[in-house]
Number of protein chains: 2
Amino acid sequence: MLILSLMEHYSDQLNGIFQALADPTRRAVLRQLGRGSASIGELAQPFAMALPSFMKHIHLLEHNGLIRTRKHGRVRTCTLEKARLAAVDDWLSEQRALWEARTDRLEQFVIADLEKDKDKDRNMEISK
Amino acid sequence: MLILSLMEHYSDQLNGIFQALADPTRRAVLRQLGRGSASIGELAQPFAMALPSFMKHIHLLEHNGLIRTRKHGRVRTCTLEKARLAAVDDWLSEQRALWEARTDRLEQFVIADLEKDKDKDRNMEISK
DNA sequence: TGAATACTTAGTGCAATGGCTAACTAAATG
DNA sequence: CATTTAGTTAGCCATTGCACTAAGTATTCA
């Protein structure tokens, strides 16, 4: 039953997880948390944005299960939820399994599209 | 020089790739293309949305390098760009490398500390 | 050549995203 | 007890995302 409901929402979870990973600020937070737990203030320090803006990223990460947080006094500590990225891993594996199951088919060349990079990162400057 | 510019835009590329993967329609397209190349019409057929809407997904996938397309006559054929997902793989590996590098007692200390406060603090919301 | 096919372009609408400020609460600290 | 510190809440705003319809283009077919 539990497993069923997990399977049922597998895709929804991937939506949220990939969405969460699609932002450089949030990836940077995950990266930092990979080195160990940290408070909101510590995590926010490298970023130029206002704290409430930063908090939204934290909430989104927590909401999608990529981190856990706990408040101790007036300090909220964030911890990486390592197991969560397994969903990404699983998706990648599944995807690869699909195309690797196909025995060699004729793959044709297409001239690579030399699209120029568009919008640079908006507010990714590291302050201080 | 080429490598440098690639490195420089690594983060931008991840933004786009993760964003592209954050949509179930687009993941379904990639999944289908994993079974082999297909035309726009073939790919669109399972979806309830209007064709121009579907096309936007295709364009986004192509723009982010996850697929390539080529037009023959009036038919546009889409092909999976398998190598593109390596960026996701790389990011995952890098992320894991970070946290696996610290399996020392510092991590244990933090965990123990969190466990210790479990009873006092009920403010931690895990709500989904 | 006229009609059907397979996209393609253009423009609309609404919700979600990601930034901001101002003002607030609660927990240290002097 | 007043002040600083660390988040938090509320609300605003510009941009982006993703759906739609209507109409256009370019092949292919009868």
Side-chain angles (χ1 to χ4, degrees), chain A residues 11-12 14-29 37-64 66-79 113 117-127, chain B residues 11-12 14-29 37-64 66-79 117 120-125 127:
Chain A
S11 181
D12 301 279
L14 282 177
N15 292 350
I17 292 170
F18 280 128
Q19 184 60 47
L21 298 180
D23 184 279
T25 298
R26 292 192 290 263
R27 285 198 307 276
V29 167
S37 301
S39 70
I40 298 286
E42 287 165 353
L43 289 171
Q45 178 270 319
F47 300 99
M49 72 184 65
L51 198 56
S53 308
F54 184 77
M55 284 296 294
K56 287 190 182 179
H57 291 297
I58 296 295
H59 286 140
L60 199 143
L61 285 170
E62 185 173 22
H63 186 259
N64 286 289
L66 289 162
I67 66 173
R68 272 175 298 139
T69 79
R70 169 172 294 271
K71 199 159 183 181
H72 190 235
R74 61 183 173 181
V75 177
R76 180 171 295 274
T77 302
C78 304
T79 312
D113 189 65
D117 284 338
K118 314 177 74 173
D119 14 42
K120 276 285 320 165
D121 264 355
R122 283 193 296 272
N123 295 318
M124 264 308 283
E125 306 92 73
I126 306 294
S127 70
Chain B
S11 181
D12 301 275
L14 282 178
N15 292 351
I17 292 170
F18 280 128
Q19 184 60 49
L21 298 181
D23 183 280
T25 299
R26 292 190 291 262
R27 286 198 306 277
V29 167
S37 300
S39 71
I40 300 285
E42 286 165 353
L43 289 171
Q45 177 268 321
F47 300 99
M49 73 183 64
L51 198 57
S53 308
F54 184 78
M55 283 297 294
K56 288 193 180 174
H57 291 296
I58 296 294
H59 286 140
L60 199 143
L61 286 170
E62 185 173 24
H63 185 260
N64 286 290
L66 289 162
I67 67 174
R68 275 173 298 144
T69 79
R70 188 171 40 166
K71 200 160 182 177
H72 277 137
R74 60 185 173 180
V75 176
R76 181 171 295 274
T77 303
C78 305
T79 311
D117 301 326
K120 304 198 270 186
D121 196 347
R122 314 271 174 176
N123 289 343
M124 176 186 172
E125 48 231 75
S127 65

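Residue numbering restarts at 1 for every chain, and letters A, B, ... go by the order of the sequence lines.
Here C:dC20 presents its P atom at 14 Å from CE of A:M55, a figure rounded to the nearest Å. Rounded to a whole Å, the CD atom of B:E62 is 14 Å from the C1' atom of C:dC7. In this structure, B:K71 places its NZ atom 7 Å from P of C:dC7, rounding to the nearest Å. Regarding A:I58, its CD1 atom lies at a distance of 10 Å from the P atom of D:dT8, rounded to whole Å. Distance, B:L60 CG to D:dA19 P: 11 Å, rounded to whole Å. Whole-Å rounding puts the B:H59 NE2 to D:dG17 C1' distance at 16 Å. For the pair A:L61 CG and C:dG18 C1', the computed distance is 13 Å after rounding to whole Å. For the pair B:N15 CG and D:dT16 P, the computed distance is 13 Å after rounding to whole Å.
With sequence neighbours excluded, the residues forming a side-chain hydrogen bond (donor to acceptor under 3.5 Å, both in side chains) with A:N15 are B:R27, listed by chain and number. Take B:T25 and apply the side-chain contact (heavy atoms from CB on, under 4.5 Å) test, not counting sequence neighbours, and it matches B:D23, B:F47, B:M49, B:F54, B:H57. In terms of the side-chain contact (heavy atoms from CB on, under 4.5 Å) criterion, residue partners of A:E42 (sequence neighbours excluded) are, by chain and number, A:A38, A:S39. Residues forming a side-chain contact (heavy atoms from CB on, under 4.5 Å) with B:P52 (at least two apart in sequence, or on another chain): B:A50.
The distance from the CD1 atom of B:I58 to the CD atom of B:E62 is 8.5 Å, given to the nearest 0.5 Å. Rounding to the nearest 0.5 Å places CG of B:L60 at 4.5 Å from CZ of B:R26. Annotation: the span from B:L14 atom CG to B:L21 atom CG amounts to 10.0 Å, rounded to 0.5 Å.
Applying the 4.0 Å criterion to OP1 and OP2 of D:dG17, one finds that B:H57 has every side-chain N and O outside that range.
When side chains are defined from C-beta on, A:T69 does not count as touching A:L61, because their heavy atoms never get closer than 4.5 Å. Looking only at side-chain heavy atoms (C-beta outward), B:V29 and B:L66 stay at 4.5 Å or farther from each other.
Remark: the A:K56 side chain and the C:dG19 base include a donor-acceptor N/O pair separated by less than 3.5 Å.
Heavy-atom distances under 4.0 Å link DNA chain C to B:I40, B:G41, B:L51, B:P52 of residues 40-53 of chain B, given in residue order. Shown for residues 19-27 of chain B: no residue has heavy atoms falling under 4.0 angstrom of DNA chain C.
Pairing each heavy atom of B:S37 with each of B:T77, the nearest pair is CB-CG2, 4.1 Å.
Not one N or O on the side chain of A:H63 forms a donor-acceptor pair closer than 3.5 Å with the backbone of A:H59.
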Quick test: give all pairs of protein nitrogen or oxygen and nucleotides 25-30 of chain C nitrogen or oxygen below 3.5 Å, distance rounded to 0.1 Å.
{"from": "C:dA27", "atom 1": "N3", "to": "A:R74", "atom 2": "NH1", "distance (Å)": "3.1"}

